[in-house]
S.K.: 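Attaching a single structure in structure tokens format; questions to follow.
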2 protein chains.
Amino acid sequence: MEKQTITIYDVAREAKVSMATVSRVVNGNSNVKQETKEKVEAVINDLGYRPNAVARGLASRKTTTIGVILPDVTDHYFAELARGIDDVAQMYHYQIILANSDESKDKELQVLDNLLGKQVDGIIFMGNMINEKVRTEFDRADVPIVLAGSVDPTEKQYSVNIDYRKATAEATAQLLENGNERVALIMGPAEQAINSEYKLKGYQDAYNAHSKPVDEALIFSTDYDYQSGYQIADLVLAAKATAAVVVDDDVAAGLLNALVDSGVKVPTDFEIITNNNSRLTVMTRPQLSSITQPIYDLGAVSMRMLTKLMNLEEPDVSNIILPHGYVDRDTTQH
Amino acid sequence: MEKQTITIYDVAREAKVSMATVSRVVNGNSNVKQETKEKVEAVINDLGYRPNAVARGLASRKTTTIGVILPDVTDHYFAELARGIDDVAQMYHYQIILANSDESKDKELQVLDNLLGKQVDGIIFMGNMINEKVRTEFDRADVPIVLAGSVDPTEKQYSVNIDYRKATAEATAQLLENGNERVALIMGPAEQAINSEYKLKGYQDAYNAHSKPVDEALIFSTDYDYQSGYQIADLVLAAKATAAVVVDDDVAAGLLNALVDSGVKVPTDFEIITNNNSRLTVMTRPQLSSITQPIYDLGAVSMRMLTKLMNLEEPDVSNIILPHGYVDRDTTQH
DNA sequence: GTGAAAGCGCTAACAC
DNA sequence: GTGTTAGCGCTTTCAC
């Protein structure tokens with residue numbers, strides 16, 4: 001607990017070279033004679049020297065640390081994104097400072113301020129809405145920022161997403177084509193752009209393509225959890241829907257169980273397509289058909305994009321769209 | 001993107017005071033006249049000054065950053081722990097550097113080295129086994145370390161856990177008392193102390209208390225995932241078990257579904273008690289009876305403990321045990 | 001190929 | 001109550 005900190009200076013003295021040379025060795029700088037290099041490395045080993053990243057950060061103005069802001073690590077979608085980010089970060093020798101925001105503006109601003117104060121080299125932001133204050137802070141930040149699995153309708157930020165609108169349209173279309181006259185959309189809070197500007201529009205696209213009017217009574221907003229899904233089942237049934245596109249697996253599981261618990265036959269009497277293809281989808285009975293998203297990759301690609309930006313390279317595309325898919329299970333008719 | 005960094009020196013000049021005074025204001029030091037304080041604060045606002053935490057860290061030898069090492073954020077158990085840690089950390093104005101280790105010794109050592117290099121003020125470690133090398137690094141570290149939801153049989157590290165042995169014994173006893181002659185234990189890898197030294201022993205305790213010999217054929221080890229649970233069902237049935245204590249909810253869900261899918265009646269023909277009471281337990285049909293653990297609190301309490309240690313306070317107890325519970329659902333007979 | 005020296009932006013004595 | 005002055009441990013010109 002009270003180890004004597006051993007510094008680059010100690011190494012220099014022991015190895016009978018200058019601090020500069022030790023620094024070169026530590027940083028893999030080529031301009032060092034092999035012999036000197038080995039001597040220095042030996043001393044480093046002997047002394048158990050470990051470079052102080054804080055001092056290095058101050059001197060070089062690079063911390064090899066990036067900030068990751070997400071609503072909640074406990075949410076599997078974001079945890080998966082975070083994992084993709086961390087793996088790529090480790091690969092490029094960056095560490096991540098993780099901060100939960102609960103989608104609260106205050107926390108987001110707070111955390112952003114902390115992160116910037118800590119001189120992170122970049123930030124990956126996740127969250128379903130980006131308000132003006134946050135956007136202002138983004139602009140003031142002197143480090144690159146990438147949105148992962150999070151949309152900014154203005155497209156002013158770098159981002160990595162899938163085509164939510166198209167994915168939702170496809171799922172809706174499929175249900176419509178299966179003969180359902182009334183397909184419901186069960187989305188998250190309408191204040192979130194990802195719902196109002198993308199998923200809802202995709203749903204409408206499908207109706208339009210089928211020359212059917214959209215019935216507002218078929219559009220529901222819930223929180224992203226199992227109970228919300230369970231509780232909304234009655235309303236969905238009351239709206240005379242015979243199928244639903246659901247934007248969250250927990251919600252879909254809740255809806256499904258409520259339906260099954262009350263005797264509705266799935267998929268014969270009611271069809272469901274959910275959104276994230278999380279492991280939940282194979283645990284329910286019947287198993288949930290789902291849109292598939294490369295969630296891990298969304299994280300990995302955004303981190304890769306950030307490394308480029310931190311390196312002052314301009315990426316080819318500012319708003320990357322990764323492909324999505326669909327997997328047919330037992331909550332849809334074949 | 002190319003903001004001019006504005007430093008404490010700029011503020012001092014503008015406010016016509018010394019750097020020391022600005023520092024005092026920023027750090028809430030009391031020894032500053034109200035008038036001076038206000039003047040400085042005004043300038044800070046005008047200039048949009050934001051203290052550089054890296055410089056501060058170098059000068060003060062405190063980074064207000066802690067390291068959090070866990071096997072995988074994607075695992076709900078650890079995500080929940082991490083959330084508890086982050087909430088308390090934020091409360092005490094610490095940020096967390098999060099690192100996934102995949103329980104790999106190499107990664108753990110690597111990450112530990114990075115973290116120590118970054119001069120974190122403390123570390124919270126999660127992982128089901130602690131080998132000698134890691135323990136050696138722990139000893140060499142000059143910052144406090146707390147294990148959260150992770151056991152070290154030597155009890156040499158600070159830690160926060162529940163009484164896994166007792167919890168497992170209780171669950172096993174209940175199943176035995178329900179009339180099951182052959183209760184299986186489905187645990188994780190036996191190399192992990194939490195399984196071999198705690199949960200297995202608890203299972204044995206229950207058999208001993210009932211004066212029954214333990215049949216090795218009833219003890220299974222699996223990975224912590226749904227598929228493993230699904231696949232082991234046949235073996236469990238072949239071993240003529242009529243009940244099982246399972247240490248992971250995903251595994252339990254897999255076992256349950258496999259059983260139900262193959263026509264076994266739960267709980268009449270087979271009873272199950274699982275371990276973490278995650279949201280999965282209410283999603284399966286029938287719903288899973290479970291031991292309950294205060295997972296979030298495990299994280300929160302370990303972070304609280306760490307703040308004390310970083311503050312050089314000696315905690316009352318080095319190995320905190322939080323209470324566990326049990327919730328009766330539909331995979332057990334009443 | 002190597003060294004000397006000036007910072008990086010801040011805190012923490014210590015003086016006044 | 002406020003200012004002066006060393007550092008903190010490293011990187012980075014700039015010489016040689």
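Everything quoted here is computed from the prediction, not taken from an experiment. Convention: sequence-line order gives letters A, B, ...; per-chain numbering from 1.
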S.K.: Please determine, by modelled atom types, if B:Ser23 and B:Asn27 share a side-chain donor-acceptor pair under 3.5 angstrom.
M.R.: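 The criterion, which ignores hydrogens and geometry beyond distance, is satisfied for B:Asn27 and B:Ser23.
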S.K.: Within the pair B:Thr7 and C:dG9, is there a side-chain N or O less than 4.0 Å away from OP1 or OP2?
M.R.: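 Negative; the distance criterion is not met.
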S.K.: Using modelled atom types and a 3.5 Å cut-off, is there a donor and acceptor pairing between side-chain atoms of A:Asn114 and backbone atoms of B:Gln95?
M.R.: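 The answer is no, because no donor-acceptor pair under 3.5 Å joins these two groups.
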S.K.: If you assign each of B:Gln34 and B:Arg61 to its closest nucleotide in DNA chain D, which residue comes earlier from the 5' end?
M.R.: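 Comparing both residues, the 5'-ward one is B:Gln34.
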S.K.: Run the side-chain contact (heavy atoms from CB on, under 4.5 Å) check on A:Gln293 and A:Glu80 step by step: do they pass?
M.R.: CA-CA 11 Å; A:Gln293 297 189 46; A:Glu80 188 86 23; over 6 Å; no
S.K.: Between B:Lys118 (NZ) and D:dC10 (C1'), how many Å, whole number?
M.R.: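 Roughly 15 Å, once rounded to whole Å.
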S.K.: Considering non-hydrogen atoms only, spot the tightest contact between A:Ala55 and A:Asn52 and give its length.
M.R.: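 Looks like N-OD1, 3.0 Å.
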S.K.: Starting at atom NZ of B:Lys62, determine the distance to atom C1' of C:dA12, rounded to an integer number of angstrom.
M.R.: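 From B:Lys62 NZ to C:dA12 C1': 13 Å.
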S.K.: If only side-chain N and O atoms of A:Ser18 are considered, is one of them under 4.0 Å from the OP1 or OP2 phosphate oxygen of C:dT2?
M.R.: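 No, because none of the side-chain N or O atoms of A:Ser18 sits under 4.0 Å from OP1 or OP2 of C:dT2.
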S.K.: Calculate the interatomic distance between A:Lys16 atom NZ and C:dA4 atom C1'; express it in whole Å.
M.R.: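 Computing the A:Lys16:NZ to C:dA4:C1' distance gives 19 Å.
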S.K.: Sequence neighbours excluded, which residues qualify as side chain to side chain contact (heavy atoms under 4.5 Å, CB included) partners of A:Glu197?
M.R.: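 Result, side chain to side chain contact (heavy atoms under 4.5 Å, CB included) vs A:Glu197: A:Pro153, A:Ala193, A:Lys201.
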S.K.: Begin with the C-alpha distance, continue with both residues' side-chain angles, and end with the deciding distance and a verdict on side-chain contact (heavy atoms from CB on, under 4.5 Å) for B:Ile85 and B:Ile66.
M.R.: CA-CA 10 Å; B:Ile85 293 167; B:Ile66 65 137; 4.3 Å; yes
S.K.: Are side-chain N/O atoms of B:Lys118 and A:Thr65 paired as donor and acceptor at under 3.5 Å?
M.R.: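 Judged by distance alone, the side chains do pair up.
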S.K.: Just the atom pairs and distances: protein N or O near nucleotides 11-15 of chain D's N or O, under 3.5 Å.
M.R.:
residue : atom : partner : partner atom : Å
D:dT11  : OP1  : A:Asn27 : OD1          : 3.4
D:dT11  : OP1  : A:Asn27 : ND2          : 3.0
D:dT11  : OP1  : A:Arg56 : NE           : 2.9
D:dT11  : OP2  : A:Ser23 : OG           : 2.6

S.K.: Let me know the distance between CG of A:Asp10 and P of D:dC8, rounded to the nearest Å.
M.R.: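 Taking CG of A:Asp10 and P of D:dC8, I get 11 Å after rounding.
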S.K.: Quantify the bending of the helix from C:dG1-D:dC16 to C:dC16-D:dG1 as the angle between its end axes, each fitted on five pairs, to 10°.
M.R.: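 For the helix from C:dG1-D:dC16 to C:dC16-D:dG1, the axes at opposite ends meet at about 30°.
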S.K.: What's the NZ-P distance between B:Lys33 and D:dG1, to the nearest Å?
M.R.: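 Whole-Å distance recorded here is 9 Å.
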S.K.: Is the B:Phe125-B:Phe138 ring centre distance short of 6.0 angstrom?
M.R.: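 Yes, they do, as the ring centres are separated by less than 6.0 Å.
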S.K.: Measuring from the side chain of A:Thr36 (C-beta onward, heavy atoms only), which nucleotide among C:dC10, C:dC8, C:dT2 has the closest atom?
M.R.: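 Out of C:dC10, C:dC8, C:dT2, the nucleotide with an atom closest to A:Thr36's side chain is C:dT2.
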S.K.: Over all strands shown, is A:Val54 touching base, sugar-phosphate only, or nothing at heavy-atom distances under 4.0 angstrom?
M.R.: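 No contact at all - A:Val54 keeps every heavy atom at 4.0 Å or more from the nucleic acid.
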S.K.: Would you mind reading off the distance between A:Tyr9 atom OH and C:dA6 atom P, rounded to a whole angstrom?
M.R.: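 Those two atoms, OH and P, are 16 Å apart.
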S.K.: Heavy atoms only: give me the nearest B:Pro144-B:Asp121 pair and the separation to one decimal.
M.R.: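 That closest heavy-atom pairing would be CD-O, 3.5 Å.
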S.K.: Let me know the distance between CZ of A:Arg13 and P of D:dG9, rounded to the nearest Å.
M.R.: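 So the two atoms are 13 Å apart, to the nearest Å.
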S.K.: Under 4.0 angstrom, heavy atoms only, what part of the nucleic acid is B:Asn52 near: base, sugar-phosphate, or nothing?
M.R.: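 Counting heavy atoms under 4.0 Å across all strands, the contact made by B:Asn52 is with sugar-phosphate only.
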S.K.: Please report the distance, rounded to the nearest Å, between CG in A:Asn31 and P in D:dC16.
M.R.: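 Whole-Å distance recorded here is 19 Å.
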